Amino acid sequence: MPPTLPVSLSPHICVLASPDVHELFESSGLPPITQTLQSFVPLPNVTTRTTSLTSVVHSTFALRFSDLVDTENSAHEDEDRRAARTMDWISARVSNRAADWVRVMEAQASGDGSAGGKEGIWKEKTPWWEELRRCVEGDCVPNSDEGWNHPAAIILTVSTRAVNPLQALQDLNTRPVDFPPWVEPTALRYYLIIHPANSELTDPIAEALFNAVKKQYGLHSYLLPLVLPADPLPAPVPVPALLPRLPPPPPPSSAFDTPPLAPAPTPAGLVAPNTPRGLMSPMPRSPGPSVLAPGHRDTSSQGLSQTSPTGYALRLSEADIQQTGKFVREFVVMSLIPWMEKYVIDWNENFSSSRRLPSRLFSSTRRLFGSAAPSPAVTTPSTPVHGPNPSISSVSSRFRTHQTNSSITSITSVSSAGTLVDGTVTQQRRLAEFATMLGDYKLATSIWEALRKEGRGGSDVLPLLLAPSPALSLHAAHALAVLRSPSNPHFQSPGHAQLRALSYAVRWVTGIDRRDFLGPVLEGERWLVQAAGSAEEPPSMILYAHAAFLSERKNARRRSALWYLLAADHLEKAGTKSLAMFLFRRAHDLYKSQAPKELSPSFWESEARDPADWTGFPSVLPGIEHELGRLLYTTGDTEGAVRFFLGLLRGASDPSASLSDEDRAVGKAAVEDQFTTDKVYLEDFRVAAKHFKATEPEKWKSASLQLPVSFCQPKQTKVRFPGNNFEGDPKEWTRREEDWAEFWASRGKEKLERSSKAAVDEYFWVDLGMRNPLDVEVNLSGLSIVVREASSLDASSMPDFVEVEVVDGVTLGPREYRTIPVAVRCGRPASLQITHVVFEFLSLLPVTESLALRGRRLHDTTQQRQNKAYASDILIEVDVEDAGQRLRASFVDDRHLILIEGEYKRLKLWMTNSGSRPINEAWMVSGREDELWIDSDEAVAEETPAASSSQGPLTETLDSSNSLRRREPYGLPLGDSQGSSDLAPGESMQVTLTLHASQVGERDLGLLFIFREVSCAPFWCVRVTRPYEVIPVFRLAASAEPSRSVDHSYGLSLEVENLSETGNLRLTQVTTISPLWASQSDVRAHCSDIVQPQQITKIHLGIDPWEESDGVQATLQFVSSKLQAVLHGVQPDDSDPPPLRLACKHISKQGTGARSLAIPLMAHFIHCGQRTYSTHRAQMAHRYIPYDSHPRIFPLFNPYSIDVVLFWELDGEGRSGHILVPGLTLGASHAYLDSMIDEAESAKVKRSMYAETQRERSDIIRAIRESEWNAEMDPTVVTTCVKGTVRHDFSDGPCSVSVKYILKNLSPTHSSRVTLRLAAVPPDTETTALLSPRYAGRLTHRREIEPYGTAVIYSKVWATRPGSFRLDEWVAETQVTTSGRTHTRHLRYVQGPPLEHRVCFSVVDDSRS
Amino acid sequence: MSHHLYLLSPSDTPLYSLTHYSSKPAQTTTTSPLASNLPSWSTSAFAGTLTALSGATSATQAHHVQGGTVRIGGGQDRHVIQMIANASLDVVEEVVRKDNMMYLKSVDKFNEWTVSAFVTPGNMKFVLLHEARNDDGIKSFFHEVWELYVKTMLNPFHTAHTPIRSPVFDARVRASAKKYL
C-alpha cells in the first residue's frame, strides 16, 4: 500500500470549456465545471501499473481540475510577484480568521461544554495550520521549479447546446494554449461533449456527434449526458470542500501600487494572442463556489465552516452524479493513467539509455548480489497499453513537433531542446513526477535520486517516498538549503523561496505518516522550523506554530515554548495580534508548567524547598509577559495589560546574581540593559495604568492591583522618640547607662526607665526604612503609616486623636535605601500599633505594605518542632502617656566646635522641664574619658582670683584619692533663685560646662541626663550629643636621667614642638606633679615665652626628692597585696588605695601668676587625665585581669611617677589650656613583688587539663613581673669629680691629683652598701690612647648610703709624666640593704664607668715654662 | 561571536550564567546578500553538514555569520537566548537518557545557535550557546568549568540549589572562556 500523496502532487487537469458550457452550468445552479468535476475526486480504488508491470492499487487517486484560461492567466504572472501575493493572501486569510480560531481554541482549552464535539477536532490539529495547508495545497498554477502543477491533461469541453458543437470543439482545439514557454507541453488532450437533457439535439444526434468527434480526435473523447433539472433544484449533496485558490491578479491598470517588477517578462516573440474574452462569460468568476445553499453562503465566506469538510454541497440529481462520476472514472482509468503509463515507459527507456554505463553497473551489481532492487534500467516491453495512437503526443498548434512525429526521439529532442527556460522541469523530472503520481515509487525514487545527485531537485520529494531514516532529515535540509542558496535562480526573491519552502513543508507534513514524522528518527517538526527559516511572514510563522504544536504533542514542552514564542513574536509584528496573543499564552503556559522531573524527593527536602517554586531562567517570563502586556494594551484590554506590567516590576530578585549574570568585561552595557528593562517596564506600566485609571475608574477601583515588590523594610523600621536621640555610637550610650546603673546600685533600687513611651501631644517619629528594589528611579507620594489603637476592635479605622504626617514626593533612586521619618502625634494616652505603611506608587497605584514582622520560630511542642510554626506577627507598638516626666536639653550654641588640644571650652546647656510634673533630681553621665566640669557659680568666682594672683604659690600640695575608680555622675544643681529645689514644669535652667579637650581627633560629646520627680520614683533619661574636633598643637617628649651634678637627683628635659601653623602660642607655665619628687623652682627662666610654629623648645628641670612625701609605701603595699590576691587566684578585696599627697611645683615666667592646681576644676582635670592614662596603661599591661577590677587593684598614681603639665595660651583669642604629660617614673625601686611572684611560681601548681589555662596563668605572672610595680634598678650613681687640667712641675717629682667620687643612692626606700674598687679594670673597658694614672692609697672603699643619701670618697692618683689621663678604672658594687625582706636573693649590682661620660684630666708640665 | 553559558541545577534552575564575547574571528564570514534582508537574530545555519550528502558542489553554504557583530547583548532578546538554552534541555535530557556521555557536543541547533552541553555525574547541566564549531575548545572549556564547579561544591555551605556568586569562580570561568572560546 503506497503512502497517500498530498493533493498537490496529483495530476493537474485543465479544462477548457466553450461559453455554452459555462452558461449551462450557471443556468443549472451549479458551480463552474472545474469545481463540479473536482467534487468527484479523489477516486477510490484506482489501479496503476509500474514499469515492471506490477499493479499498484491506490485507495484514493486525486486529481486537480482547473480552468485552463485562469491557469494560463495566472501562469503569465511574474513568479516572484505571485509568490509575494500568495504570501499576502495567506496572511490576510489567517489574520481575518485568527480571532475566531482563537476564540474556539480558548473555548476548547477551557473545556467549555457548549463548544461540543465539533471543536474537539482541534485537539490534533490547529485551524491556522489547516488553513495554511489548504491554501498551499490549492495552488495549481504551474511554476518553473517543478512540474507538479504543469497540466497533465487538457479537457476540451463543449455542450450540445452550442450552435455547432463540432465547430465549437474545433475552435477549442485550434485555440493555442497560452502557457509560458517553460510549461511542459506534454499533456493529454481529451474531448468532452456534455449533452444536457434540455438540449436541442436529440440523443441519437448527440451520439452521432460523439462518433464524429471520436473519429476526428481519437479515443480520448466522451459524451456526458446530464439531466440538470433547473427547477426544483435537487437536494444538496455534501461534497468535500474545495481548496482555496489565489484570486487572479489585479488588472495592471489598478496595480499601480504593485512593485515595479510587475509586468510579466514575456518575450516579445512569444506573446500569446489575446484570448477572445468575449466568448466567455462576462461575469467574473470568483474562486469560491458560486452556488451554495443559502444558509452556507454567509458562513463560508469566513471562518470555520469553510474549513469544515462538510461545508459544501452540490445540487445535483442522483442520476447526474452517477453519470459524472462515471465520466471522471473513465477519464482517469481509460485515458489519463494509460497515457501517463505510456509516457513513463517511454521516458524511462530514454532515461536509462542515456545512462548506459551506470545501468550496466547497476545490473551487474544486481547480478552479483542478487538484489531485487529496482533499477531505472528495468527494461520492460514498450508495448503501449492502448496500442499506437496518433493522438498520444497531444496535438498542439503551438508545438508542432508533437503533432508531426510521435517518436520517442522527438520527445527527447523537445526536452533537450529546452522545454524550460531554467532547465528545472526536464523530461527526467517529469518522468519522476509521473512515476510518483502513478505510485511507481521504485522507479520514482531512483529517478529522484538521480536528479538529486545532479543537483536538480528531488530532495523535497524523496522524504515522501522513502522509509524513515536519518538521511531523510538531510534530504529535507538540503532541499531547503538549495532553495536559499545563491545558485537558485530565484535567489533574489526571498518570497519565492519561502513559498516553495512552505509547500515543501506542507507536503512533508501531509505526505509522511505522522508517527514517522514526529518520531525520533525524522524529528519532522524541526523540518518545519528549517523551512520557516529566517522568514518573518505569517505563513512561515505558522510553520513555527505548527512545529511548536507538534513538539507539544511530543511532550517536548520547552522546545515548543520557544517556537511558540518566536511564532508569536513575528505574528505580532505582522499584525495578527489575536493569534500572536494566543501563541504567547501557549508559550507562557508551557514554560511555566514544568514537566515532572525524575529527581529524588530528597533533592528538594534536603534544602526544604518546594518543587513548585521553580523559577527557571530569569528573563524568560518577563520577556513573554511584557509582550503579552503590550499586546493586551494595544488590543484594548487595559486591565490585563496593567496586570502584566505590574507583574513585571519585580526588580532583580537578587542584585548580586544579576551582577554575576552580566558580563563585567562588557559590564557597563549589560548593566545598562538591566537598567533599561526595568525602565521600560515601569514606563509601560505608568502609561497603561494612567490610561486605565482615566478611562475605566470603576474597574480600576475594583481591580485591587498589588505591587509585586515591597519598598518598606519592616526590620529596619523603628520608632524614635524625641529624647532618644541616638546619635553617635550606641555602645557608648550603653556604657553610660551601665555607669549610671553601677553608680546607683549602691544608692537605691530605682531603675532607669527606658524611654519607650511617647508623650501626649508630642511628636515622635517612625523611621521607615525604604528600599527601592527596582533599577530605575521611582517616586512615591502620600507616604504615611496606618496607626490603630491596640485595644480597639476596629482594625481598619485610624483613631481620630492621632495625627500622622504625610510625606509627599519621595523619589528613590535605583536600588536606593533611605530612612524616611514620619512624624506622629497622639492626642491622648493610648497604646498604638503601627500596622501598615501606605503610599501611592508613581502617584498612581495605592500601595499598602504591612509592617508586621514574623514572630519567632516556636519549638515548644513536637508538632512545632517538626513543622515550621511561628509566633504571631510582631507589630511596632507605641505607648503614649501623659507627659509627666519630660526634660528637654540642648546646647545653646549648636555649631561645630574646633578645639585645640588641651583647650578649655565653656559650653552652655539649656534644660527645660517640658513635662507636667516637677523634676527634683537630675544627674549627668558623660563618657569615661571626657573631661568635664560643671561650673557652679562659686567655682567660677574662685577660679578667677586664682588665675589673677600673680604671687601664687610656687609649690602646692594636692591631696589625691589615688583611686582609679570611674567618676560618679554629676549631680546637677536644680532650683532657682527663689530657693525652690526643683525644676517646675515649663521652667528652664542653664548649665555651664567646661570641657577640657584632652583627646585629639573627631569626637562626640554625648551626655546622658537622668532625672526623676521625687526620690523612689523611677528615673528617666534624655540624651544630648555634640560633636567636636580637636586639633593637636604640641608634640611633647619628656625624658629624665640621673643627674651627674650634686645639686639634683635627676635631670628632666622636656621637648616641646609647636605643630600648629598659627603662631602666638605661648607657654605660660610648667608644673610637675609627683608624690615623691619635686622640681627645682630656680630654673624658671628656662620657661620660654612663645614657641614659634614648627619650632622646638627645650625645658630642663632639676628633680629632687620631695621631703614631705607621704603615703608612698602604703601605696606600694596596697598594690602588692592586691596583686598577691590576683596571683593566688583570689578576688581582690574592695578596698581603695590609700590617699596620696602630691607635690605640685609651678614654674612660670616671672611676673605672671602661676595657675593653681588646687582649685577643684584643675584638680579634676588632672585627675581625669591621669585616670585615662593609668587605665589605659593597666589595660595594656594586664590583659588577663578583668578591666572592671582594675580600680580595686591599681592606684591612680605610681608613687615614683612624675607628671608634667604644660599650660598654654593663644594670644589675643583668650583661649587657653593645658596638656598633661604623664608616665615618667623616676627613682630606683627594688623588685617589690619579686618574693611574691617567686612564691606564686614555686607554689604547688594545680595542674589544669587545659593548656590554655596554664598559658593564661603564666601570662598573668609574666605581666606582673614585667609591670612597673616590680621594676628594679641599681640605685647607685657614681660621679667622678676631678680638676680638668693640673699644672705640675715634674722636676719636683710625680704629680699627685686628688679625685672625688660622689656616690648617690637614688632609692627612696632602701639604704645600700656600696663598695668602690679603684684601679680594678672593668670587664668591658676598651683600651684607649689615654694614659691611665696610678692610684695611691686605699683602693677599696666601702660605704653605707641612706635612701637619697650621698657618700663622697676621696682618692689620689699619681701622674709620672705629663699627658691626658683617664679615670675609668673603677667598679662599684652595690648591695641593697634588704632588712625588711625575707628574701634569699640579695639585690646586688656591679657598675663600671659609663662609656658616654668618660672622665679625663690633663697634667701639664710646669717645669718647662 | 558571543557565547552564552548557563550552569543549570538538576531542577533546571540557572545557578550561574555568563555571556562571553570572543575576540577570535568568526570562522566562516561568508556574508551572503540574503543575510542583509534578514533579521539579525535568525539566519540559516543548517547547511553546514549537508555538503556530503547533497552532491551539489555549487551549493554555497548558507552559513551566514554577520561579521561578528554583537547581536544579542540582552534587553529584549535575552529571553530568546534563554529560551533557546531552555529548549535545548529537551534534547539534552533525551540524549542523557540514551547514553551516559558527559560532553554532548552540538546537541541542538537553533538558527545560528549551536548548543553544546555537558552533564556532570551530579546531573548539573552546563549549556553553552555558540555560533562557530569549536568542539575541542568547548570540551576543554567544559572540563575546566566542571573542575571549578566541583571546587565550588566543596564549600559545605554550597548546595545544588545555591546560585554561584563567587567572584573567584566567575573570574576563573571568564579566564577559561577567554582561553578556549
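Only heavy atoms go into these numbers, but all of them, side chains included; no hydrogens, no water, no symmetry mates. Letters go in sequence order (proteins before strands), and every chain restarts at 1. Predicted model, so just to flag it, every value in this text is computed and none were measured.
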Contact origin within [X] toward chain B - heavy atom pairs under 4.5 Å:
X: A:Tyr591; answer: side chain
X: A:Leu565; answer: side chain
X: A:Arg557; answer: backbone

NZ/NE/NH1/NH2 to OD/OE distance under 4.0 Å, B:Arg174 and B:Asp170: yes
Is the shortest distance from a Lys or Arg side-chain nitrogen in B:Glu147 or B:Lys151 to a carboxylate oxygen in the other one below 4.0 Å? yes
Contacts of A:Arg558 meeting side-chain hydrogen bond (donor to acceptor under 3.5 Å, both in side chains) (sequence neighbours excluded), chain-then-number -> B:Asp12, B:Asp90, B:Glu93
Counting only N and O atoms by type, is there a donor-acceptor contact under 3.5 Å from the side chain of B:Tyr6 to the main-chain atoms of B:Leu15? no
